[in-house]
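Just so you know, ligand 1 is whichever comes first in the structure, and atom 1 is the first atom listed for that ligand.
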Amino acid sequence: MTDPHETSLDPEDWEAFRKRAHDMLDAALDRMQTTRDGPVWRAPDDALKAGFQADLPVKGRGGDAVAGQMTELLPYGVGNTHPRFFGWVHGSGTPSQVIAEMAAVAMNANLGGRDHGAMYVEKQVVDWVRGLFDFPADSSGLIVSGTSVATIIALKAARDRVLDFASRTQGIGAARLVGYTSTQTHACVARAFDVLGLGSDALRKIPITKNYQIDLDALREAIAADRTTGLIPFALIGTAGSVDLGATDDLETLADIAAAEDIWFHVDGAFGATAILSDTVRPRLSGLSRADSLAFDFHKWLHVTYDAGFVLLRSEEAHRRAFSDRPAYLVGAERGLAAGNPWPVEYGPELSRGFRALKIWAQLAEHGTEKLGQMISQNCAQAAYLGDLVTGASDLELLAPVMMNICCFRYTGKGDVAEQNALTDEIVIQLQLQGIAAPSTTTLDGKRAIRVNITNHRTTRADLDLLIREVRRLGAELSGNSGVAKPE
Ligand SMILES: Cc1ncc(COP(=O)(O)O)c(C=O)c1O
């Protein structure tokens with residue numbers, strides 16, 4: 001029986017739809033091919049903003065109008081596809097990712113579980129990650145949105161294990177769990193403590209040494225002091241590549257301390273862990289393979305399109321026991337679509353999960369670890385080159401050693417610290433507003449720094465020469481000009 005009123009959301013005219021899709025593909029590729037030509041960043045203008053303040057459409061505007069508006073949006077990205085994007089820690093993506101994303105969209109797979117092709121792609125990625133970090137064959141992993149979520153998952157397993165998993169049903173009750181990390185650690189770790197009901201104060205921030213590593217003596221003392229007051233040390237969090245400076249803790253000794261104290265050893269390797277692919281950085285990551293858990297991103301230094309993070313746990317059992325919950329409607333089977341156990345839903349909080357695995361797999365499969373590692377080494381060499389340019393300029397000051405891929409410096413203007421900090425802020429804002437480059441800022445020992453993070457396979461040394469030239473030009477212009485306001 002056919003009902004003439006039945007309809008669907010598929011195109012009525014597939015030929016017209018194909019043309020629209022091909023036009024968008026061309027527009028996307030044009031954008032990527034010409035990324036170097038335009039400004040690094042352009043501020044969203046009023047027309048663009050107004051276009052996204054419309055009423056919720058009751059009658060659709062049709063695909064052509066929507067595609068047109070999306071094409072206009074293309075130039076207004078963060079800027080991280082540009083060779084002179086140096087802010088925060090952003091990967092720069094690769095054109096091939098468009099192809100992987102098209103295939104993923106066509107499949108529209110849900111990777112919460114079940115037995116279908118996409119699941120084997122994720123299993124392959126998990127297996128590659130195990131091998132990459134020299135984790136045991138029975139360790140477990142999950143693709144997630146990013147390191148922040150990966151950290152929550154890892155520390156939940158740590159929390160539940162120390163409470164014999166009773167916390168899953170009873171909460172943490174009066175248990176006074178504490179964890180340890182350095183003052184350099186990314187804020188996502190304290191946030192994980194907050195989310196897990198431990199409170200961010202339960203994360204002890206141990207001071208750092210002059211090498212920007214966690215002070216191991218202070219750490220041992222803090223653990224001992226907490227034990228004497230009846231607290232339960234349960235997690236030690238090391239960093240491989242700190243967000244401000246790219247510093248890496250002494251992971252071998254942290255692994256020793258964690259083993260001696262029977263504490264879960266987690267490593268935040270958001271971008272630094274992937275430097276295991278770089279011949280020059282790898283030796284500094286010794287000890288990483290001894291972690292109980294590792295959180296890192298593919299979307300940073302491996303340039304997979306946002307978002308793509310990963311959590312790797314040594315103990316599959318602890319991982320599964322912290323999350324597994326299979327109600328009747330999710331029961332598996334030996335055969336048919338409900339086969340393919342265990343399912344990813346047993347290793348994290350998400351049931352519906354997109355097909356991030358495909359773009360990760362495609363990136364690794366197309367470029368290979370050797371080339372990706374070379375890109376990482378190249379960025380580290382470029383950061384060292386930038387450090388040399390800074391030290392060679394009498395009006396610039398290097399604010400910390402270049403340890404990996406990050407260079408923090410400032411233009412040495414006149415005035416007190418507050419005036420100099422305001423000058424640094426203004427130089428960075430002008431670099432961004434004028435579309436020249438997009439570094440970010442941080443503060444080191446009270447001094448505001450121009451923070452140049454290079455996780456960008458498009459950057460060349462000429463881009464860094466230009467950056468230095470422009471910082472010096474702006475610094476001279478702005479410091480000769482009392483227009484830089486001193487903060488109240
Ligand atoms: C060292 C470090 N840890 C954690 C994070 C958080 O990662 P994500 O933004 O993928 O959640 C970052 C982000 O830059 C980072 O640099």
Item to check | Output field: ring centroids F409/F86 closer than 6.0 Å | outcome: no
Checklist entry - Do F298 and F296 have ring centroids that are under 6.0 Å from one another? => result yes
Next on the checklist: Restricting to side chain to side chain contact (heavy atoms under 4.5 Å, CB included), what partner residues turn up for A103, sequence neighbours left out?
Outcome noted: L358
Checklist entry - For residues N379 and W301, is any side-chain donor paired with an opposing acceptor at under 3.5 Å? => result yes
Next on the checklist: Distance under 4.0 Å, heavy atoms only, partner ligand 1: which residues pass?
Outcome noted: V89, G146, T147, S148, H186, C188, G241, V243, D268, A270, F271, D297, H299, K300
Item to check | Residue pair L245 / A400: nearest heavy atoms and the distance that separates them | outcome: CD2-CB, 3.5 Å
Checklist entry - Between D194 and R191, does a salt bridge (Lys or Arg N to Asp or Glu O under 4.0 Å) hold up when you go through it step by step? => result CA-CA 5 Å; D194 168 8; R191 193 148 23 111; over 6 Å; no
